[in-house]
Amino acid sequence: MPKILLVDDAAFMRMRCAKLLTENGFEVAEAENGQEAVAMYQSYRPDLVLMDITMPVMDGITATREIKNLDPDAKVVMVSALGQQTMVIEAIKAGAKDFVVKPFEPEKILSTVRKFVGQ
């Protein structure tokens, strides 16, 4: 079962996305900021990270850089609100593989996740 690390400071977003992913055969762990995500990445070793960009403590771009330093093969997909195009470009430069715009369509999340974990 592919493992997904879901990182978002909004609990309702994590809950909604975690429910969707678990119902579709994925194992999900959650972090509420980038600092937690970096720490959890090391112990959880997910197949894919779904990372919000704007979060307290450590933003998603910094967390992506840190995760890529730990594991150059890490797969990170950014989840961003509309109007964050410049931040998405920064995230791609930091090593993110793709991005999904919030509010997300369930099928878009599933197709993006499946693209990277091969399910």
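Position 1 is the first residue of the sequence; numbering continues from there. Please read these numbers as outputs of a predicted model, since none were measured by experiment. Side chains included, hydrogens not; waters and symmetry mates left out as well; all remaining heavy atoms used.
Counting all heavy atoms, side chain and backbone alike, Arg16 lies closest to Pro106 at NH2-CD, 4.5 Å. The two residues Leu5 and Tyr41 make their nearest non-hydrogen contact at CD2-N, 4.1 Å. The shortest non-hydrogen separation linking Ala31 to Arg14 is O-CD, 3.4 Å. The two residues Ala10 and Asp8 come nearest to each other via the heavy atoms N-OD1, 2.8 Å. Pro2 and Asp47 get closest at one heavy-atom pair: CA-OD2, 3.2 Å. Nearest approach of Lys68 to Ala74, heavy atoms of both residues: NZ-O, 2.9 Å.
Not one N or O on the side chain of Lys75 forms a donor-acceptor pair closer than 3.5 Å with the backbone of Val117. Here the side chain of Arg65 pairs no donor or acceptor atom with the backbone of Ala94 at under 3.5 angstrom. Under the 3.5 Å distance criterion, the side-chain polar atoms of Asp59 are left unmatched by any main-chain donor or acceptor of Ile53.
Residues Leu70 and Val49 fall within the same hydrophobic cluster, defined by Ile, Leu, Val, Met, Phe, Trp and Tyr side chains chained together at heavy-atom separations under 4.5 Å.
Looking at Arg45 and Asp71, their side chains come closer than 4.5 Å, going by heavy atoms from C-beta outward. Taking 4.5 Å as the limit, some side-chain heavy atom of Arg114 sits within range of a side-chain heavy atom of Asn24. Side-chain contact between Ile67 and Val38 is present, with at least one heavy-atom pair separated by less than 4.5 Å.
With rounding to the nearest 0.5 Å, the separation of CE in Met1 from CZ in Phe26 is 10.0 Å. Taking CE from Met78 and CD1 from Ile61, the interatomic distance works out to 6.0 Å, rounded to the nearest 0.5 Å. Atom OG1 of residue Thr64 and atom CD1 of residue Ile92 lie 9.0 Å apart, to the nearest 0.5 angstrom. Note: Thr62 OG1 to Met51 CE = 9.5 Å, rounded to the nearest 0.5 Å. The CG atom of Asp9 sits 10.5 Å away from atom CD of Glu36, with the distance rounded to the nearest 0.5 Å. In this structure, the separation between CD on Glu105 and CG on Leu110 is 11.5 Å, given to the nearest 0.5 Å.
Each of Val79, Leu50, Asp52, Leu48 was scored for a side-chain contact (heavy atoms from CB on, under 4.5 Å) with Leu6, with one residue passing: Leu50.
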Practice item. Take Glu66 and Met58, measure what side chain to side chain contact (heavy atoms under 4.5 Å, CB included) needs, and give me the verdict at the end. Key: CA-CA 10 Å; Glu66 292 204 12; Met58 180 188 290; 3.6 Å; yes

